[in-house]
**Q** 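Questions regarding the structure given below will be posed in turn.
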Amino acid sequence: MLRQRIRKVVSLKTVRELDAFPKVPESYVEASPIGGTVSVFCWLAIIWLVYSETKYWLDTKFLFKFTPDTDFDAKLKINIDLTVATPCNYIGADIVDSTNQNIFKFGNLEQEDTWWELNREQRTHFDTMRSLNSYLREEFHALQILLWKSGQAAMFGTLPARRKDKPKWPTDACRIYGSLTLNKVSGNFHVSAGKPLALPVGHVHLTPFVAERAMNFSHRIHKFSFGDPSPGIIHPMEGDEKITDKSSMLYQYFIQVVPTDVDTFFSKMQTYQYSVKDHDRPIDHRNGSHGVAGLFFKYDMSALKVHVIQERDSIGQFLTRLSSMICGLYVCSGFLNNLVLYVIGLFTGTKSISLSSAGPSPPPSLAPKVQNNVLMSASVVTDVPVSLPLRSSDQNS
């Protein structure tokens with residue numbers, strides 16, 4: 001009798017059920033109030049992180065760069081609106097720059113007879129503008145990002161016009177307003193006694209035959225800016241008011257103009273901002289204080305240009321940062337859950353198994369048993385006795 005080894009055929013279902021890694025049956029897993037509490041707080045934290053990160057990503061930021069200004073052929077636009085406490089017949093306004101061009105090539109400013117005293121509505125508007133502009137100048141470094149993001153190009157409206165409450169006395173002031181297109185070089189805008197007259201070289205002011213005591217260069221600046229209006233730019237002279245009772249007074253403003261390029265998501269703009277220092281003194285030739293009474297705005301161009309760029313992180317960076325935060329929070333919550341269960345088990349003498357991916361592995365005694373059952377069902381070898389007929393020759397022997 002011979003013995004033949006016969007191997008059973010392994011089915012596809014048996015192969016699919018084969019798993020070399022130990023698993024925890026569902027009957028060994030128990031839900032705990034601590035795990036549920038940690039899960040609730042974890043999801044709340046994830047929702048808050050998604051909201052805060054999305055809000056941070058939508059909130060843009062501004063980058064400031066300084067580069068040399070090489071645009072020498074550009075033009076400089078100046079916007080002026082001021083009131084002088086002298087009738088228009090006695091004063092004149094003009095500009096002289098370093099190129100000594102004809103002053104009338106830059107354009108003309110409008111002059112309007114008005115009253116120096118403001119009515120209640122105008123005074124309220126001007127005082128509000130002066131107080132707000134003074135606050136913005138002092139707190140500019142803390143508020144500049146907010147101002148750039150506001151998108152508000154015009155911070156103040158125009159001065160309300162007089163209507164029915166016109167004074168009964170004649171006009172005693174002159175409003176000078178308008179815009180001029182200048183060369184991008186240093187220059188001097190001034191308001192002084194007499195009307196300007198252009199000459200082949202320079203210009204002169206024709207002083208009328210009027211008593212010196214009739215002159216008064218008290219002034220109120222409603223608008224003084226360079227370039228087109230742009231959000232984030234504060235014009236420091238707007239809302240300035242100088243009052244004097246002296247007839248011959250010299251007011252000097254020294255202005256440094258800085259070219260500014262603004263690039264946002266929706267527009268690009270070339271404008272200007274400036275800083276200013278002022279000085280005033282009375283004109284008294286007998287005491288050695290010489291000069292010409294009036295208002296003198298001396299401006300000069302900066303050699304550096306400010307480039308303001310609005311930027312935001314890419315969508316890829318945003319999604320990467322958000323995914324890493326969510327995954328990290330989820331893993332940390334699993335560790336926290338296991339730690340709490342472990343500490344509780346130490347004090348109560350019980351063992352808990354967590355649903356978390358970071359939870360403890362199944363008992364070692366279960367793994368070989370489960371694995372052996374699968375392997376035994378997958379391949380079984382048996383010994384089967386087999387009877388074979390003998391040949392005739394063998395029988396005879």
Side-chain angles (χ1 to χ4, degrees), residues 77-88 90-91 93 109-179 189 191 214-247 249 251-253 255 271-280 294-295 297:
K77 180 182 178 181
I78 183 172
N79 309 295
I80 300 171
D81 188 356
L82 56 88
T83 302
V84 184
T86 302
C88 295
Y90 302 147
I91 58 175
L109 294 174
E110 300 292 335
Q111 295 186 1
E112 176 184 328
D113 289 317
T114 184
W115 291 269
W116 173 253
E117 183 180 352
L118 300 177
N119 61 11
R120 180 179 300 178
E121 184 181 5
Q122 290 176 326
R123 173 52 64 182
T124 301
H125 173 84
F126 187 82
D127 290 343
T128 302
M129 179 179 65
R130 178 173 56 184
S131 300
L132 180 57
N133 202 27
S134 176
Y135 173 77
L136 293 177
R137 291 198 305 265
E138 295 175 358
E139 304 294 337
F140 177 73
H141 294 286
L143 299 174
Q144 61 173 342
I145 301 300
L146 181 61
L147 294 175
W148 285 108
K149 293 180 180 180
S150 66
Q152 187 70 25
M155 299 297 296
F156 319 107
T158 58
L159 187 69
R162 294 181 183 270
R163 296 185 179 181
K164 298 181 179 180
D165 56 344
K166 294 183 178 180
K168 298 180 180 180
W169 59 87
T171 56
D172 55 357
C174 181
R175 179 192 175 196
I176 303 173
Y177 63 96
S179 299
F189 166 72
V191 179
M215 295 289 181
N216 190 323
F217 286 100
S218 299
H219 59 281
R220 189 182 296 120
I221 300 176
H222 309 285
K223 179 186 296 185
F224 197 100
S225 62
F226 295 89
D228 297 325
S230 173
I233 295 181
I234 301 300
H235 309 296
M237 284 195 297
E238 293 184 355
D240 195 7
E241 185 179 31
K242 298 291 183 64
I243 300 177
T244 181
D245 56 355
K246 298 180 180 180
S247 57
M249 197 72 181
Y251 294 96
Q252 292 177 307
Y253 295 89
I255 304 171
T271 184
Y272 301 88
Q273 51 186 330
Y274 65 90
S275 61
V276 60
K277 296 180 179 179
D278 61 283
H279 175 71
D280 58 83
L295 312 177
F297 302 85

**Q** Can you confirm if the aromatic rings of Tyr251 and Phe217 lie within a centre distance of less than 6.0 Å?
**A**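 No, they do not, as the ring centres are separated by 6.0 Å or more.
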
**Q** Should the pair Asp278-Lys242 be classified as a salt bridge under the 4.0 Å nitrogen-to-oxygen rule?
**A**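 Lys242 and Asp278: salt-bridged.
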
**Q** Taking atom CG of Asn119 and atom OG1 of Thr124, what is their separation to the nearest 0.5 Å?
**A**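 Reported value, rounded in 0.5 Å steps: 8.5 Å.
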
**Q** Minimum heavy-atom separation for Val84 and Leu295, please, with both atom names.
**A**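 Residues Val84 and Leu295, closest heavy atoms: CG2-CD1, 3.9 Å.
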
**Q** Does the gap between the ring centers of Phe224 and Tyr253 come in under 6.0 Å?
**A**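 No, the ring centres sit 6.0 Å or more apart.
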
**Q** Verify the ring-centre separation between Phe189 and Phe297: is it less than 6.0 angstrom?
**A**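 Yes, close enough.
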
**Q** Which atom pair, heavy atoms only, marks the closest approach of Ala173 to Trp116?
**A**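 Minimum heavy-atom separation between Ala173 and Trp116: CB-N, 3.6 Å.
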
**Q** Between His222 and Phe126, does the ring centroid distance fall short of 6.0 Å?
**A**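 Yes, the ring centres sit under 6.0 Å apart.
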
**Q** Any chance you could measure Ser134, atom OG, to Ile234, atom CD1, to the nearest 0.5 Å?
**A**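 It is 11.5 Å, given to the nearest 0.5 Å.
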
**Q** Would you name the heavy atoms of Cys174 and Pro87 that are closest together and state the gap between them?
**A**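 Heavy-atom minimum between the residues: CB-C, 4.1 Å.
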
**Q** Going through the checks in order, is the side chain to side chain contact (heavy atoms under 4.5 Å, CB included) test met by Phe226 and Thr271?
**A** CA-CA 7 Å; Phe226 295 89; Thr271 184; over 6 Å; no

**Q** Under a 4.0 Å N-O cut-off, is there an ion pair linking Glu238 with Lys223?
**A**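 No.
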
**Q** Less than 3.5 Å apart, any donor N or O on the side chain of Asn216 or Thr86 sitting next to an acceptor on the other?
**A**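 No - no donor-acceptor pair under 3.5 Å links their side chains.
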
**Q** Please report the shortest heavy-atom distance between Ser225 and Tyr274, naming the atom on each side.
**A**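 Closest heavy-atom pair between Ser225 and Tyr274: CA-CE2, 4.1 Å.
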
**Q** Which heavy-atom pair separates Thr244 from Ser218 by the least distance, and what is that distance?
**A**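 Scanning both residues, the minimum pair turns out to be N-OG, 2.8 Å.
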
**Q** Taking the basic N atoms (NZ, or NE/NH1/NH2) and the acidic carboxylate oxygens, is any pair closer than 4.0 Å for Asp81 and Arg175?
**A**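 Salt bridge: yes.
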
**Q** Which is it for Ile255 and Met237 under the side chain to side chain contact (heavy atoms under 4.5 Å, CB included) test, yes or no, and what are the steps along the way?
**A** CA-CA 10 Å; Ile255 304 171; Met237 284 195 297; 3.6 Å; yes

**Q** Can you find a pair of side-chain heavy atoms, one from Arg220 and one from Ile243, that are under 4.5 Å apart?
**A**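 No; the side chains remain at least 4.5 Å from each other.
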
**Q** Looking only at heavy atoms, what is the nearest atom pair of His235 and Ile233, with distance?
**A**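 Nearest pair, atom of His235 first, then Ile233: CE1-CG2, 3.7 Å.
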
**Q** Can you tell me how far CG of Asp280 sits from CE of Met249, rounded to the nearest 0.5 angstrom?
**A**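 Here the interatomic distance stands at 4.5 Å.
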
**Q** Do Ile221 and Glu241 come within less than 4.5 Å of each other through their side chains, counting heavy atoms only?
**A**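 No, too far: nothing below the 4.5 Å cut-off.
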
